[in-house]
Peer 1: 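Following this message is one structure expressed as structure tokens.
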Protein chains: 2
Amino acid sequence: MKRNTWQREAVREALDTSGGFISAQGLHSALHAGGSPIGLATVYRALSDLADQGEADSLQSPDGESLYRACTTTGHHHHLICRNCGLTVEIGADEVEAWAKRVAGEHGFTEAAHVVDVFGLCATCSATAR
Amino acid sequence: MKRNTWQREAVREALDTSGGFISAQGLHSALHAGGSPIGLATVYRALSDLADQGEADSLQSPDGESLYRACTTTGHHHHLICRNCGLTVEIGADEVEAWAKRVAGEHGFTEAAHVVDVFGLCATCSATAR
DNA sequence: ATGGTTTTGACAATCATTATCAATAACAGC
DNA sequence: GCTGTTATTGATAATGATTGTCAAAACCAT
Ligand SMILES: [Zn+2]
Ligand SMILES: [Zn+2]
Ligand SMILES: [Zn+2]
Ligand SMILES: [Zn+2]
């Protein structure tokens with residue numbers, strides 16, 4: 001049976017607080033900065049569990065890091081992510097869902113999954129950058 | 001000035017031969033299997049260069065590895081990839097391009113890039129799997 | 001409160017990728 | 001073709017993220 005520990009709860013809360021996508025290392029740093037003595041391995045395990053249970057979304061950053069986020073949308077969705085500050089907008093994309101299903105079918109592919117993310121600079125970061 | 005070496009050419013040819021997306025490690029193994037004594041670091045450098053010059057496409061595998069492929073389509077496009085055998089189909093996706101641009105704009109994002117890939121089992125692998 | 005079982009965390013191990021740097025090989029100019 | 005300059009190579013070390021190990025600590029049903 002699965003047990004409840006303050007570590008797991010701490011990770012959940014830190015994820016909620018973070019707002020945007022964040023790496024395991026980043027979350028661990030944030031937790032430490034907040035005074036938590038949680039171990040790094042534990043953060044990795046908690047994030048992995050949260051992702052498995054569907055309580056967190058995960059994706060690969062452009063440079064191959066795994067990033068996690070506590071999303072509010074329950075169902076399947078995609079993300080618009082600021083590559084500077086991490087601000088994330090959850091996006092429903094029915095037309096993309098249809099497209100993905102169609103192209104997979106047209107080429108005889110089964111068990112198709114898709115990776116669809118948009119990375120850019122949010123309005124705030126765009127303004128700052130100039 | 002850039003010099004031409006048999007190593008660089010070997011990587012280009014191996015990429016062409018591969019057909020699907022392949023990792024640097026995988027290409028290095030393939031080259032060694034074919035009798036080439038090329039070094040691993042050189043394969044990494046050559047692939048990075050090819051990607052920079054637009055002669056190769058690159059993407060992150062679902063588990064965070066960088067994969068490369070010599071694509072025939074010159075312009076921007078996306079991929080339908082067999083997660084079992086690596087078979088890759090190049091896909092033009094005007095509707096997705098438009099969608100990505102639209103959602104970025106709607107939320108004030110600039111310099112938006114998108115990651116759009118479909119992973120599945122190709123017809124052959126689907127048949128074998130059952 | 002107790003005991004069996006899960007979870008933790010310090011640390012080692014792994015794996016992909018990048019940095020080093022002396023030795024090598026391209027190639028421009030003679 | 002020979003030569004000197006300089007980009008490139010490759011063995012290896014270094015890095016950085018992630019996972020494995022395992023004894024000690026924490027949970028929780030009883
Ligand atoms: Zn931003
Ligand atoms: Zn989708
Ligand atoms: Zn391509
Ligand atoms: Zn296949």
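These numbers come from the heavy atoms of this one structure, side chains and all, not from hydrogens, waters or symmetry mates. Throughout, protein chains are lettered first and strands after them, A, B, ... in sequence-line order, and every chain is numbered starting at 1. Bear in mind the structure is a predicted one, so any value in this text is a computation, not a measurement.
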Peer 1: Quickly work out the B/Arg3 CZ to C/dA25 C1' distance and round it to whole Å.
Peer 2: 8 Å
Peer 1: Expressed as a whole number of angstroms, how long is the span from A/Asn4:CG to C/dT5:C1'?
Peer 2: 15 Å
Peer 1: Pick base, sugar-phosphate or nothing for A/Thr5, based on heavy-atom distances below 4.0 Å to the nucleic acid.
Peer 2: sugar-phosphate
Peer 1: Looking only at heavy atoms, what is the nearest atom pair of B/Gln7 and B/Thr42, with distance?
Peer 2: CB-CG2, 3.8 Å
Peer 1: Whole-Å distance between C/dT7 P and A/Lys2 NZ?
Peer 2: 9 Å
Peer 1: Has the side chain of A/Arg45 got a donor or acceptor that lies under 3.5 Å from a partner of the other kind on the base of D/dG20?
Peer 2: no
Peer 1: Do the rings of B/His78 and B/His114 sit parallel, tilted or perpendicular, given the 30° and 60° boundaries?
Peer 2: tilted
Peer 1: Rounded to whole angstrom units, what separation is found between the CZ atom of A/Arg8 and the C1' atom of C/dG9?
Peer 2: 14 Å
Peer 1: Counting distance only, does the side-chain N/O of B/Glu55 pair as donor-acceptor with the main-chain N or O of B/Ala70 below 3.5 Å?
Peer 2: no
Peer 1: Indicate yes or no for a side-chain donor-acceptor contact from B/Ser58 to the backbone of B/Tyr68 under 3.5 Å, with no hydrogens or angles considered.
Peer 2: no
Peer 1: A/Glu65 has an atom CD; how far is it from atom P of C/dT17, in whole Å?
Peer 2: 14 Å
Peer 1: If each of A/Gly39 and B/Leu40 is mapped to the nucleotide of DNA chain C with the nearest heavy atom, which maps nearer the 5' terminus, i.e. the 5' end?
Peer 2: A/Gly39
Peer 1: For A/Cys122 and A/Cys85, which heavy atoms make the closest approach, and how far apart are they?
Peer 2: SG-SG, 3.8 Å
Peer 1: To check you understand the geometry: which heavy-atom pair defines the closest contact between B/Ala14 and B/Leu27, and what is its length?
Peer 2: CB-CD2, 3.4 Å
Peer 1: For B/Trp6 and for B/Ala24, locate the closest nucleotide of DNA chain C by heavy-atom distance; then report the residue assigned to the nucleotide nearer the 5' terminus.
Peer 2: B/Ala24
Peer 1: Contact class for B/Ser66 vs. all strands (heavy atom < 4.0 Å): base, sugar-phosphate, or nothing?
Peer 2: sugar-phosphate
Peer 1: B/Tyr44 has an atom OH; how far is it from atom C1' of D/dA11, in whole Å?
Peer 2: 15 Å
Peer 1: If the plane angle is over 60° it's perpendicular, under 30° parallel, otherwise tilted; pick one for B/His79 and B/His77.
Peer 2: perpendicular
Peer 1: What is the distance, rounded to the nearest whole Å, between atom CD1 of B/Ile22 and atom C1' of C/dT17?
Peer 2: 17 Å
Peer 1: By nearest heavy atom, map B/Ala41 and B/Met1 onto DNA chain D; which one lands nearer the 5' end?
Peer 2: B/Met1
Peer 1: With a cut-off of less than 4.0 Å, is there a side-chain N or O of A/Gln7 near OP1 or OP2 of D/dA26?
Peer 2: no
Peer 1: Need the bend value for the helix from C/dA1-D/dT30 to C/dC30-D/dG1: angle between end axes, 5 pairs each end, nearest 10°.
Peer 2: 40°
Peer 1: Rounded to whole angstroms, how far apart are NE2 on A/His28 and C1' on C/dC11?
Peer 2: 13 Å
